[in-house]
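Keep in mind that this is a model prediction, so the values were computed, not measured. Residue numbering restarts at 1 for every chain, and letters A, B, ... go by the order of the sequence lines.
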There are 2 protein chains.
Amino acid sequence: MEEAGAPDVAAPEVEAATKNLVFNAAERLFALHGFQNVSVRDITAEAQVNLASVNYHFGSKDALLFEIFRRRTAELNRERARMLHEANDRHGGAPPVREILTALMAPPLRWLAPANDRRISLQFLIRARSEGTEEIRQSLSGDVSHLRRFSDALIAASPALPREEVYWRLHFVLGMIHQNRFAELDRLNVLSEGTTHEDDVDALLTRMVDFAEAGFTR
Amino acid sequence: MEEAGAPDVAAPEVEAATKNLVFNAAERLFALHGFQNVSVRDITAEAQVNLASVNYHFGSKDALLFEIFRRRTAELNRERARMLHEANDRHGGAPPVREILTALMAPPLRWLAPANDRRISLQFLIRARSEGTEEIRQSLSGDVSHLRRFSDALIAASPALPREEVYWRLHFVLGMIHQNRFAELDRLNVLSEGTTHEDDVDALLTRMVDFAEAGFTR
DNA sequence: AGCGAAGTTGAACAGCTGTTTGATCCGCGC
DNA sequence: GCGCGGATCAAACAGCTGTTCAACTTCGCT
């Protein structure tokens, strides 16, 4: 997936070095401690840059959060859309439920892999989704076009189901995905006394798709 | 607001009136706007009490949050434990998966009903679970005894499944439950163009249990 | 070399935060 | 009536917040 010599994951385009430092430090701290618990001073200290850098490069702390959210969301949705597109190609435009669910679940689970740089990005996204500012919340409810691609595909693949039933089940599936936060995974580890291994993302993907597909096509 | 004579839901035991005012106002504001976005001044203004009331009656803002969380969690878990107990009685100590899942899901869904005073309490709990303080997070990972009752019952009801598989599926089910936040339900309504009605909690319960049971016993 | 824009810096700003304090009020038992 | 403990009050506290500003440096281009 990654190549040696590739530019920093955070910013493919060439930009000011400190801007990227701020971006990455902020994403990391937001993901670990939450937006409200991280101050601009925390970010600039972590990035080892001047305090004013955040406002100079991003305008405001809120704008910084939103820019991270926007970029990561676009990246994640792009991967999902590509997988859905490939599934369409393989099945003449009408892929089965299992492949649609896989396209929805595989990208975030890949990001969750321990060796992946994007593990922290996924945690950021999950956190931003529930703790984000009003701007982020509006962005989430406003842009349903991405999600609609999946709901439409699921409706087409489930001719026996009423549409609203499909929406509900998609809602449940999204809940399964968003449950993969550090805190919840920790609790799962405590409960299972360490027998669950979320690091094996391939096994986890199979597990999740099995569960969701069974719920969808019961 | 409430019928005369009925004791306040928030505090069955007799306590100082302003303490209850603070408790209820704080729960409401926390549920609607998040812990960090609500100041002590917001709470005392909403409750129409003096600013110092929070520290006088609860010690600190964090302690207030934790007390609300503790009480609501205890109430919710009590309902769940009672339903599991009744399912045990009905089935000689070995209830089927569907009844265990119902015991887990029905109480929070009942709280979600629009006419229910506890609708706001459920939103508070879901929010506190993901945005809460370190104390709340430790309380969640530390006290697995409540959840263990359900995982043990599910293991007994699923003899063909490896234990860790049961833990994972329980994890997914909890994700389905926690997905029922205002923001996520709003997005669902936008996506479905208003055809989903979360107010019909009985239908929602059936839907969720159907989905979860199919995933569990596939 | 020299100009101008872009970037960086330290310092300061006003505002809001949770918490504390000491005074005052209220109701109840003696 | 008196006193006492709990409850309420206005006021102030110190600390942290995001943001701004003007001075300074760095860099690219002619």
Provide a list of protein-nucleic acid N or O atom pairs under 3.5 angstrom, restricted to nucleotides 20-24 of chain D.
none

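A/Glu75 and A/Arg78 are not joined by a salt bridge, as no carboxylate oxygen comes within less than 4.0 angstrom of a charged side-chain nitrogen. Between B/Arg127 and A/Glu131, no side-chain nitrogen of the basic residue sits less than 4.0 Å from a carboxylate oxygen of the acidic one, so the salt-bridge criterion is not met.
B/Phe216 has its side chain within reach of A/Phe211: a pair of non-hydrogen atoms, C-beta onward, lies under 4.5 Å apart. Looking at A/Met83 and A/Thr102, their side chains come closer than 4.5 Å, going by heavy atoms from C-beta outward. Between A/Phe172 and B/Met208 there is a side-chain heavy-atom pair separated by less than 4.5 Å.
Regarding B/Lys19, its NZ atom lies at a distance of 13 Å from the C1' atom of D/dG6, rounded to whole Å. Between the P atom of D/dG18 and the CG atom of A/Leu64 lies a distance of 11 Å, rounded to the nearest Å. If you measure from atom NZ of A/Lys61 to atom P of D/dT19, you get 8 Å, rounded to the nearest angstrom. Regarding A/Gln48, its CD atom lies at a distance of 18 Å from the C1' atom of C/dG7, rounded to whole Å. Rounded to whole Å, atom P of C/dA6 lies 17 Å from atom CZ of A/Phe58.
Of the residues in residues 35-42 of chain A, those placing a heavy atom less than 4.0 Å from an atom of DNA chain D are A/Val38, A/Ser39, A/Val40, A/Arg41, in numerical order.
Applying the 3.5 Å distance criterion, the base of C/dG10 shares a donor-acceptor pair with the side chain of A/Asn50.
Among D/dT19, C/dT9, D/dT8, the nucleotide with an atom closest to any side-chain atom of A/Ser60 is D/dT19.
Figure legend: A/Lys61 and A/Phe35 shown as a cation-pi pair, the cationic atom lying under 6.0 angstrom from the six-membered ring centre and within 45 degrees of its axis.
To the nearest 0.5 angstrom, B/Arg149 atom CZ is 11.0 Å from B/Arg80 atom CZ.
Close to C/dG7, at under 4.0 Å from its OP1 or OP2, lies no side-chain N or O of A/Thr18. An OP1 or OP2 oxygen of D/dT8 is reached within less than 4.0 angstrom by a side-chain nitrogen or oxygen of B/His57.
No more than 12 heavy atoms of other residues, nucleotides or ligands sit less than 6.0 Å from atom CZ of A/Arg163.
At distances below 3.5 Å, not a single donor-acceptor pair connects side-chain atoms of B/Arg187 with backbone N or O atoms of A/Ser141.
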